[in-house]
Each structure stands twice: as C-alpha cells, then as structure tokens.
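One-based numbering along the sequence shown. Whatever order the structure lists ligands and atoms in, that order sets their numbers, starting from 1.
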Amino acid sequence: MPRTCLVTGAASGIGEATADLLRKQGHTVIGADLADGDIRADLSTAEGRAELVARARELTGGRLDAVVSCAGVAHFDPLTVRVNHFGAVATLDGLRPLLVAGTDPRAVVVGSIDSVHPVDPAIVDAALAGDEEAAVAASRAAVDRGEGHLVYSSSKAAISRWVRRAAPTGAWAGDGVPLNAVAPGVVVTPLTRPLLDDPGTRRLVERSVPMPLHGHARPEQIAPLIAWLASPDNALVTGQVVFADGGADAVLRGDGTW
Ligand code: NAI
C-alpha cells in the first residue's frame, strides 16, 4: 500500500538514501532540506520549523503516514543543538497531527552512537526542559571552555531521551504512533568525509567508535532499518533507540545496560 512519507535532511547522506529507498518501495516522499527538495526550510529557526509544517499541510492535505527526521549537523557550535534536538522535536511534534490523520502512522528520528559518549548535562537538561536559549547558552559555554565536541553528543543524547519520554505517552502511543530513534555508528557521508579523509582525525574516530562488524557504513545500509521502523510492519517497536553501528555500542557499553 503506497504511503506518504516526509523526510528531513533528504538532500544528502542518510536522509537521501532513506528517501530513495522509500520511493523505490513505491511510496510518495516529500523531501525537506535547507536549500533543496519539495520543502526548503531552515530547521534551526522558528520560521523554518513553521514553514516545514505549513508546506507539509499544503502538499499533503493534512495527512502523513510516516515522518523521518534526518536533518542534522555536527559543528562545535550551538547551531548543532538547535538543529539536532530542537529542529527534530519541532519536526516530530509539528507533524504529529498530520500523522494522526494518516494510515498506520510511524515516526523515526536519527540519533547517533555519540549519544553514549560523554555529554554536557547542562545542555541535555535544558534541551529536555524545552528551553532552547538555555541549551544554546550551555552549548556556547562548552565551546568557550574548549569542549565544543560535547554539543553534538549532548544533542543526540537529548533527542534519544526525548524519544524515550515521548513514545509511551498519550500523544504518541495513545494515538497509535510508534516513535523510535535509529542510532548509526560512523556512516560515510558529507558530514563525516572530512574527518575520515584526514588520517589524524580518522584514527580518533576509529578509537571513539569501534565498529567490529563491517567497519564504517554506507547510508544505504542505514536506510532499510529506518524504512522498516517507518512501515506498518512495525507494530510494537516504540520508544527504542536502535543502534545500527557495527557493534560500537556493544563494545563501548558492554553488557552493563542490561
Ligand atoms: P549529511 O550532511 O549528509 O546530511 C544532513 C542533511 O541535513 C543535509 O542535506 C543538510 O542540508 C541538512 N540540514 C542541515 N542543517 C539543516 C537545517 N538547519 N535545516 C534543514 N536541513 C538541514 O549528514 P548525514 O551523515 O546523512 O546525517 C544525517 C543524520 O544522521 C544527522 O542527524 C546526523 O547527526 C546523523 N548521524 C550521522 C552519522 C554519520 O556518521 N554520518 C552517524 C550518526 C548519526
């Protein structure tokens, strides 16, 4: 049964591969991105987030069957928490009414293996409190003290915890909408290519994200998991952060999470 799906970050990397796969499966895909696709919107801003929802309503008549939030950046900068956490929450919350009007609705957001790395609790707490300016201030403080790398891990930990909190509530489970995160390890995309091309940073990446199964991934290897979580076949999986990381989480956290 063809579905109508909206994918953010659809112009590149994991979002592009997911949009391609969903189209190959016969679904209609509305692609959203900064400067490309059916909807052009900057998800770091309130205006861009409102534009996403308004244009999605226009294009779909107010009904969506799946939303996949992939848009993200990895800068040592407060912009990262604006896009990766607040942009994703605005995408999912803003489009939820369209999902509720859809058929077998599903929502997926792309987290990261980085969510298990050290984080800055001030950024995560502010993000989970929904206080964007406090999260931005905490991110700026982390950058100023030379810990800008914590902004990315914190943004991904926050969105993962948001999924855990939101998924079982009346707004999601109660309305029959599974909500999950997919947490990739290292995927070769424009986001990571500069890090992988430099031998020094490549060694750092390999140490911090060990991937014993198959090594670094291609976006096409992440897309099928996202597509399945976004499909009617996923009846019961919700509130999960599913690692697609070649074993990195198992190496980094061992069996202590159980
Ligand atoms: P990418 O850079 O290839 O694609 C990201 C897309 O998001 C781009 O098309 C970009 O224009 C869009 N985007 C960025 N800022 C935006 C904004 N303000 N508004 C709207 N769109 C915006 O990156 P990739 O690797 O495909 O990343 C996709 C997601 O996967 C991100 O959330 C990233 O954090 C996550 N991820 C990536 C990993 C990797 O190793 N590549 C690993 C774990 C998670």
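- Connectivity analysis of hydrophobic side chains (ILVMFWY, heavy atoms under 4.5 Å, direct or indirect) links Phe243 to Ile113, Val116, Val186, Val188, Leu195, Leu196, Val205, Val209, Met211, Val241, Leu252.
- For ligand 1, the protein residues placed under 4.0 Å by at least one non-hydrogen atom are Gly9, Ala11, Ser12, Gly13, Ile14, Asp33, Leu34, Ala41, Asp42, Leu43, Ser44, Cys70, Ala71, Gly72, Val73, Val83, Val110, Gly111, Ser112, Tyr152, Lys156, Pro184, Gly185, Val186, Val187, Thr189, Pro190, Leu191, Thr192.
- Remark: the Arg161 side chain and the Ser115 side chain contain no N/O donor-acceptor pair separated by less than 3.5 Å.
- Judged as a side-chain hydrogen bond (donor to acceptor under 3.5 Å, both in side chains), and not counting sequence neighbours, the contacts of Arg202 are Glu206.
- Side-chain contact between Thr189 and Ser12: absent, with no pair of heavy atoms (C-beta onward) separated by less than 4.5 Å.
- Thr201 meets the side-chain hydrogen bond (donor to acceptor under 3.5 Å, both in side chains) test with Asp198; sequence neighbours excluded.
- Contact detail for Val100 and Asp175: the closest heavy-atom pair is CG2-OD2, 3.8 Å.
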